[in-house]
There are 2 protein chains.
Amino acid sequence: MFKPAKRNRVFQDIVEQIQEHILSGELKEGDFLPSERDLQELFQVSRGTIREALRVLEQKGLVEIKLGVGGGAMIRTASVDKVTESLALLIRHQKISLDHLSEFREGFEGDIAALAAERAKRKDLEGLEKILETARTYAEAGQERASEFLETDKDFHLALARITRNPIYEAVERIVQENIFSYYETLLYMGDRRLKENYEDLRKIVAAIKEKNIEKARALARNHVARFTKYMRKKERQE
Amino acid sequence: MFKPAKRNRVFQDIVEQIQEHILSGELKEGDFLPSERDLQELFQVSRGTIREALRVLEQKGLVEIKLGVGGGAMIRTASVDKVTESLALLIRHQKISLDHLSEFREGFEGDIAALAAERAKRKDLEGLEKILETARTYAEAGQERASEFLETDKDFHLALARITRNPIYEAVERIVQENIFSYYETLLYMGDRRLKENYEDLRKIVAAIKEKNIEKARALARNHVARFTKYMRKKERQE
DNA sequence: AAATTGTAATGGTCTAACCATTTTCATTTG
DNA sequence: CAAATGAAAATGGTTAGACCATTACAATTT
């Protein structure tokens, strides 16, 4: 019903005032707040307090600090970076397991592929083809290029996420990729056969997207991720 | 290729050091950092710098500041609060639209229902039945209880997420719920017929889970969310 | 025993100064 | 004249020391 009253903190009040002015649109992207010394005068507080408020606004991703003459707190484009960061913290903090992350990934990579199949334009397909070509090169080069292949796989999934035109998928994809990557080391020892298998996965996904076969794209993407996961688990057990 | 050269701000370094100690598990939930004056000694910096670092850690949701004797920066439970907050900021900045959020929700509610169907135990089913019963009461009470019905719907989806036994789904569910529900006001004017329709959705989902029909559960959950979204859009256009 | 009060630890804020970086613009130099 | 140079000013980054506000806990009083 009620929230804790708290907040006798002056800098919080300043954060809220400035935040309101930003969110209401009075302050637009690229605008500058007054200098710290001017803010000090305006709010009638010490510079230290102003600076604490600026740290909070900065961490929220609402402003970016520029140095030197004409510098100061510049109003920023809201970006997904900070959401990404705090979600990543949440994941690391809760010690979420590889299985959890992989399982989650299976589901939403399927969704991404399905949406991509629905929405891919000619230009998107060209981009995918290009990535596919790179992947083929590395897959054929065999195990010594496994690391590059994995990077390309990452690019591939990010490209798919972008095709959905839904920034949430892109953000979540980035988070998962960044947090799952530490586990990928085990995949570096993927044999030549498995590399080609994985390349074939990607190729089939693109084919399904091309023919706008939504459910086929979803199923293929799910299987692709599941195969990665299964292989990682197998490796884990061996160690 | 290269990242922007980092600017050397002392407080950033302090943030990173402390953050590492928290994420590595050396500092557990409930532990306290040394007092500001002690940190000042430890890091050999001024208290102002320490405080700026603490503001950042606080905003990241990693610590919570307690007042008075024995107070200080307490390592916090990982919580979705800060993620929710930054996501809410994104939405207000309209980088992410309601449509994006709804679309994302459609996908992963489907995944959740599918996993729930796979894993629900007897006890889980009992919990769902109970929520279902509550929902039925509100649905039959008609529009004046629409608000309570929506709350119950929320509980229902959270319960499903918990059944997956994957904390990622639960966390994401909470984040999305908290950010999407501000839009649900429009749903308060859902007519009696629609309330019952929605109750039927929930009932069918539980039925599908009971008979372990994974794909049916997925499809039903997706449709359920899609119906919510469609109705919201319709209301939006009317205003 | 219960209530009150005092005390010390700790976060919150203030003041005043100096340092570091960056832009601007006048000055020097080729 | 054009380019290089350098001084000045604006602005964020940091420091130091002080005082206030809140709180836990012990000592004192009832």
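In what follows, chains carry the letters A, B, and so on, assigned in the order in which the sequence lines appear, proteins first and then strands, with residues in each chain numbered from 1.
Residues A:Phe104 and A:His100 place their aromatic rings such that the two centres sit no closer than 6.0 Å. Between B:Phe108 and A:Phe108, the gap from one ring centroid to the other reaches at least 6.0 Å.
Spacing between atom CG of A:Leu39 and atom P of D:dT11 amounts to 11 Å, rounded to whole angstrom units. For the pair A:Glu41 CD and D:dT11 C1', the interatomic distance rounds to 15 Å; values are reported in whole Å. Spacing between atom NZ of A:Lys66 and atom P of D:dT11 amounts to 16 Å, rounded to whole angstrom units. Distance CG (A:Leu57) to C1' (D:dG12): 15 Å, rounded to an integer number of Å. In this structure, A:Asp38 places its CG atom 13 Å from C1' of D:dG12, rounding to the nearest Å. Rounded to whole Å, the distance from CE on B:Met74 to P on D:dA24 is 13 Å.
Picking from C:dA8, D:dG12, C:dG12 the nucleotide with the shortest atom distance to the side chain of B:Val69 gives C:dA8. Among the nucleotides C:dT22, D:dA24, D:dT11, the one closest to the side chain of A:Leu67 is C:dT22.
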Give me the distances for all protein-to-nucleotides 14-18 of chain D N/O pairs that come in under 3.5 Å?
unit_1, atom_1, unit_2, atom_2, d
D:dT14, OP1, B:Val10, N, 2.4
D:dT15, OP2, B:Ser46, N, 2.9
D:dT15, OP2, B:Ser46, OG, 3.3
D:dT15, OP2, B:Thr49, OG1, 2.7
D:dA18, N6, B:Arg47, NH1, 3.3

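Salt-bridge annotation for A:Lys130 and A:Asp155: absent, with no side-chain N of the basic residue lying under 4.0 Å from a carboxylate O of the acidic one. In this structure, A:Glu64 pairs ionically with A:Lys66, as a charged nitrogen and a carboxylate oxygen lie closer than 4.0 Å.
A:Ile112 contributes atom CD1, which lies 9.5 Å from atom CD of A:Glu170 (distance to the nearest 0.5 angstrom).
Judged as a side chain to side chain contact (heavy atoms under 4.5 Å, CB included), and not counting sequence neighbours, the contacts of A:Ala135 are A:Phe149, A:Thr152, A:Tyr199, A:Leu202.
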